[in-house]
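Each residue takes its place number in the sequence, starting with 1.
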Amino acid sequence: MKTPNLTTEQKFQPVNHTVLDIFPTSLLRGELRLDHKRVAKDCWSLIEKIKEKVSDPKQYYTTYFHKEFNDELTKFAWYQPFANQIKDTYIRMIQTEYDRNVSHLSRHDIHLYTWASVWEKGIDHKYHNHQDCYISGTYYPMNQGGQGIKFQSPQIQSQFMQTTGPKGNPQKSQHPNAFYIGTRGSQQELIFQPIDGEVLMWPSNLMHMVDEQDGDYTRVAISFNLKHNDILDNTDDGEEMSYEFLQY
């Protein structure tokens, strides 16, 4: 054990203090009340249909690029209960986290766009965010192994203080099944490893990605975007005129 330098340690005089974590980012975690195995099986069936028409793995792993099969997704018996739960959770999230007025809304005032994916070896998704929506998310009816979903810290201004942390390795987060890159006071990335049936929802401007999948795993995911109609006021200024003639 190193002998303490009493002279130096006696001169070390930090004030009594607390450290506050400020400017949080809301990320919702929950579990959908659905038959997750049934949902996963139906999503697999859509991907198998796409494989019959498309040979590129980076095109057939998801219904996102295929409107016909994306529309089929909404016809499964579990989709309406899924949509009900997602829309209701969206309302609760924007009401409690952002103090948005929701009293004028019904479920049919909420836009929900969904797509299914079955991840395979070699598939990845680079950092991106989602435009023209408020909240985005992913439901994992099956997630056994594979890479977690990674979120980039939106506190870009703090990068002058950031380091990679101990040896640059992911550190266990206070959140269940989650790890972070960086240090406690400068987390650069947060990695969530979802469990079967879990749903994550976050602000759509939050950058996120999934690293390339490697090894044996089974991941079925349904991703989605949400936004809603809001009441407009102060609309009577200027003379009334339709912009229909500008349609393109």
Side-chain angles (χ1 to χ4, degrees), residues 1-5 8-9 12-32 36 61 89 93 96-98 117-130 134-224:
M1 178 181 293
K2 180 180 178 182
T3 303
N5 185 330
T8 301
E9 292 188 5
F12 184 61
Q13 300 177 14
V15 301
N16 293 333
H17 66 278
T18 58
V19 177
L20 308 178
D21 292 324
I22 63 174
F23 303 124
T25 300
S26 298
L27 189 147
L28 182 147
R29 300 181 80 176
E31 182 177 353
L32 289 176
H36 308 309
Y61 84 99
T89 305
M93 185 177 183
T96 58
E97 296 301 311
Y98 305 111
S117 303
V118 175
W119 292 75
E120 298 184 348
K121 185 175 181 178
I123 299 299
D124 67 324
H125 208 174
K126 305 301 184 185
Y127 262 124
H128 66 287
N129 60 12
H130 297 194
Y134 297 146
I135 298 293
S136 299
T138 300
Y139 158 49
Y140 300 88
M142 184 175 294
N143 189 58
Q144 300 172 5
Q147 301 289 352
I149 182 171
K150 184 184 295 183
F151 295 91
Q152 184 181 71
S153 169
Q155 303 295 342
I156 302 300
Q157 298 91 334
S158 67
Q159 286 188 346
F160 76 100
M161 280 288 286
Q162 289 181 344
T163 68
T164 57
K167 300 181 180 180
N169 295 323
Q171 306 298 305
K172 187 169 179 57
S173 169
Q174 62 179 328
H175 308 295
N177 302 319
F179 302 85
Y180 67 83
I181 302 294
T183 65
R184 197 196 71 81
S186 61
Q187 297 182 14
Q188 300 171 25
E189 296 173 307
L190 196 58
I191 307 164
F192 285 92
Q193 189 65 53
I195 61 175
D196 289 4
E198 189 167 37
V199 61
L200 303 178
M201 296 171 65
W202 59 85
S204 298
N205 66 332
L206 191 61
M207 299 291 288
H208 55 284
M209 69 168 293
V210 179
D211 284 322
E212 182 175 334
Q213 304 296 288
D214 190 17
D216 295 327
Y217 60 90
T218 302
R219 168 174 289 171
V220 180
I222 299 178
S223 298
F224 50 87

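Residues Leu200 and Phe224 approach most closely at O-CZ, 4.2 Å, considering heavy atoms. Across Thr25 and Pro154, no two heavy atoms sit closer than the pair OG1-CG, 3.5 Å. Contact between Trp119 and Tyr217 at its shortest, heavy atoms only, is O-CE1, 3.1 Å. When all heavy atoms of His128 and Lys126 are compared, the closest pair comes out as ND1-O, 2.8 Å. Nearest approach of Thr89 to Met201, heavy atoms of both residues: CG2-SD, 3.7 Å. Contact between His17 and Val19 at its shortest, heavy atoms only, is CD2-CG2, 4.0 Å.
Scanning for salt bridge (charged side-chain N to carboxylate O under 4.0 Å, His left out) contacts around Arg29 gives Glu198, with sequence neighbours left out.
Under a 3.5 Å cut-off, the side chain of Asn129 and the backbone N or O of Asn205 do form a donor-acceptor pair. Ser173 places no side-chain N or O within 3.5 Å of a backbone atom of Phe179 that could act as its donor or acceptor partner.
Under the 4.5 Å side-chain criterion, counting only non-hydrogen atoms from C-beta, Leu190 is in contact with His175.
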- Under the side-chain hydrogen bond (donor to acceptor under 3.5 Å, both in side chains) rule, what do His125 and His208 come out as? Steps first, then yes or no, please. CA-CA 9 Å; His125 208 174; His208 55 284; over 6 Å; no
- Task: Applying ring pair (Phe, Tyr, Trp, His ring centres under 6.0 Å), run through His36 and Tyr139 and close with a yes or a no.
- Result: CA-CA 10 Å; His36 308 309; Tyr139 158 49; 5.8 Å; yes
- Task: Take Val118 and Val220 through the side chain to side chain contact (heavy atoms under 4.5 Å, CB included) test and state the conclusion after the steps.
- Result: CA-CA 5 Å; Val118 175; Val220 180; 4.2 Å; yes
